Enquirer: 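First the structure, then my questions, so here it is.
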Number of protein chains: 2
Amino acid sequence: MPHSHLHADPAPHAHLHPARFPVTVDVVALTVGGGELRVLLINRLIEPFKGGLALPGGFVLPGEGLRDAAARELAEETGVARLPGHLEQLQSYGPAGRDPRGDVLTVAHLLLAPDFPVLAAGSDAAHAGWHPVSDVLDGVLDVAFDHRQIIADAVERARSKLEYSPLGAAFCGEEFTVAQLRAVYEAVWGTRLDPRNFHRKATGTPGFLEDTGAMSAGEAGRPAALFRLAPESRFVAGEPVRAVLNPPLMRPRG
Amino acid sequence: MPHSHLHADPAPHAHLHPARFPVTVDVVALTVGGGELRVLLINRLIEPFKGGLALPGGFVLPGEGLRDAAARELAEETGVARLPGHLEQLQSYGPAGRDPRGDVLTVAHLLLAPDFPVLAAGSDAAHAGWHPVSDVLDGVLDVAFDHRQIIADAVERARSKLEYSPLGAAFCGEEFTVAQLRAVYEAVWGTRLDPRNFHRKATGTPGFLEDTGAMSAGEAGRPAALFRLAPESRFVAGEPVRAVLNPPLMRPRG
DNA sequence: CCAAAAGTGTTAATGCTACACCCATGG
DNA sequence: CCATGGGTGTAGCATTAACACTTTTGG
């Protein structure tokens, strides 16, 4: 019996020839720019949906892990050398009913990143660019496959993650001001937050922010102190985020 | 070109022959009994890990969705006709480095259910039974593959879901007392909650509980009122849970 | 009557919201 | 000097945690 099954399975013959599926990873890369949430999309060079917009992604290779595949595809299609921000798995979709060519399982991932530069057009790969999330969700922009649903799920995940984890800082650079961090929360939640209360809460949460001693300059108004993530709150590649904000940075109640 | 690729992909030849993987679904079915959290495990009838304990699950069939596959496998291996409680996707694992026979992707699912009866030994399928989650996580019980990690992730997901969603009631039957609901939270969180404050909060949360008018009987002490989930909080198969408890049923701060 | 569990009332501490107010910079 | 944004203080309100107390059953 060359193909044995993994689990007891009374379905007739199902264990003799387990079906095999192509598996892709897709990455919903989110950033904050211009006061709004943006998603990274590529122009498809091939059918189906040729010329349309889609999430960066591609096939998982034999012997490869999901996270590695997502990081590899993102690097290939955007030209980033080191993965910026925080990458985590979102959820899987399929395999039935999502690709016109047949069953394809995709494992969607979520990247929260600062506004990094992406590949210019004319390169070997497709042109990649940031687009407002609201345009995708409102249907102003069309995206391939079930990618609108995936993006909607990703945004919802990002929203709820921000309250309890230090992941808001994943959208900022290494050092940032409290106002920049606040802009992230306002963009993701689509609300306005009181700058004074946010400042108190962000700086007053133990284990969240660390004062660098440096100051921002060049902007209007009084210079702001520059912070970085405290060591216990830093997220490392592949590890789940451990630090929890308690009390959370609450989003206003609906 | 019989196999075209889904996305632009500069990796040489990767798009010509996308790798195909066996895909399984595994179900972490959790319940509350005897004041502790329990997980449903089956005895494996075949290699590898023959005779060992594992999560119920099996191969996804062509043309099948993930959720349908999970529900089907659970029904086949436990004998339940209608799916009790609440089923949702957890996350995916693999395909590399988790099965001794090669690359297998698994999509883990989480079922929160009342303590339903499972298949007795001697049936065609493997014997299924409830086991304390703590025994699995402490290493007292060994489980096959990477199922210990999957169970740990499932428990963590269940813990955080309970605070904000009405899913605690998924562990109870159709009608339940506030004390039974409280026992769920205490088992999942591993804490003690003040019965009086919990009662006030559970019954006082708008859109959560609905008084049936009936009373429990036969127990020690004063009879308790029987409740059911309010219509707006009920979870329906396949739909994400929409109702949010605001304010949440807080777990005690660490 | 006593033990046990359900359910209500009350109070002190805590946390949040709103906003007055001062500080430091650019123009 | 004024506009702009950074940052602190504080009063009022809402929520929570802790616990006294009453109710209703079984033994």
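Here is the naming used below: chain letters follow the sequence lines, and residue numbers restart at 1 for every chain. Fair warning: this is a prediction, and the values are worked out from it, not measured in the lab.
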Enquirer: Nearest heavy atom decides the nucleotide; on that basis, is B/Lys201 or B/Asp194 closer to the 5' end of DNA chain D?
Expert: B/Lys201
Enquirer: Want to settle it: does A/Gly221 or B/Phe227 sit nearer the 5' end of DNA chain C, counting the closest nucleotide to each?
Expert: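 Final value for this comparison: B/Phe227.
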Enquirer: Between A/Tyr93 and A/Asp26, is there a side-chain donor-acceptor contact under 3.5 Å, judged purely by atom types and distance?
Expert: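 Short answer, no.
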Enquirer: Taking everything shown except B/Glu232 itself, do over 12 heavy atoms lie less than 6.0 Å from its CD?
Expert: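 Count over threshold, so yes.
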Enquirer: Using a heavy-atom cut-off of under 4.0 Å over every strand shown, decide if A/Ala217 touches base, sugar-phosphate, or nothing.
Expert: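 Answer is nothing: A/Ala217 stays at 4.0 Å or more from every strand.
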Enquirer: Rounded to whole angstrom units, what separation is found between the CD atom of A/Glu219 and the C1' atom of C/dG27?
Expert: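 Distance check: A/Glu219 CD to C/dG27 C1' gives 15 Å.
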Enquirer: Establish, with yes or no, whether the OP1 or OP2 oxygen of D/dG5 is under 4.0 angstrom from a side-chain nitrogen or oxygen of A/Arg182.
Expert: no
Enquirer: Between D/dT25 atom P and B/Met215 atom CE, what is the distance in whole Å?
Expert: 8 Å
Enquirer: Give the rounded distance in Å between these two atoms: CZ of B/Arg200 and C1' of D/dA18.
Expert: 10 Å
Enquirer: More 5' along DNA chain D: A/Pro223 or B/Ala220, using each one's nearest nucleotide?
Expert: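 Upstream on the strand: A/Pro223.
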Enquirer: Would you say B/Thr177 and B/Ser216 are linked by a side-chain donor-acceptor pair, where the criterion is simply a distance under 3.5 Å?
Expert: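 The criterion, which ignores hydrogens and geometry beyond distance, is not satisfied for B/Thr177 and B/Ser216.
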Enquirer: Would you say A/His199 reaches D/dG6's phosphate, i.e. side-chain N/O to OP1/OP2 under 4.0 Å?
Expert: no
Enquirer: Any N or O donor-acceptor pair linking the side chain of B/Arg222 to the base of C/dA5 at under 3.5 Å?
Expert: no
Enquirer: Any side-chain to backbone donor/acceptor pair from B/Arg157 onto B/Leu90? Under 3.5 Å, distance only.
Expert: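 Yes; judged by distance alone, with no hydrogens or angles, the pair exists.
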Enquirer: So does A/Arg196 get a side-chain nitrogen or oxygen closer than 4.0 Å to the phosphate oxygens (OP1/OP2) of C/dT17?
Expert: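 For C/dT17, OP1/OP2 do not have a side-chain N/O of A/Arg196 under 4.0 Å.
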Enquirer: How long is the line joining CZ of A/Phe198 and P of D/dG5, in whole Å?
Expert: 17 Å
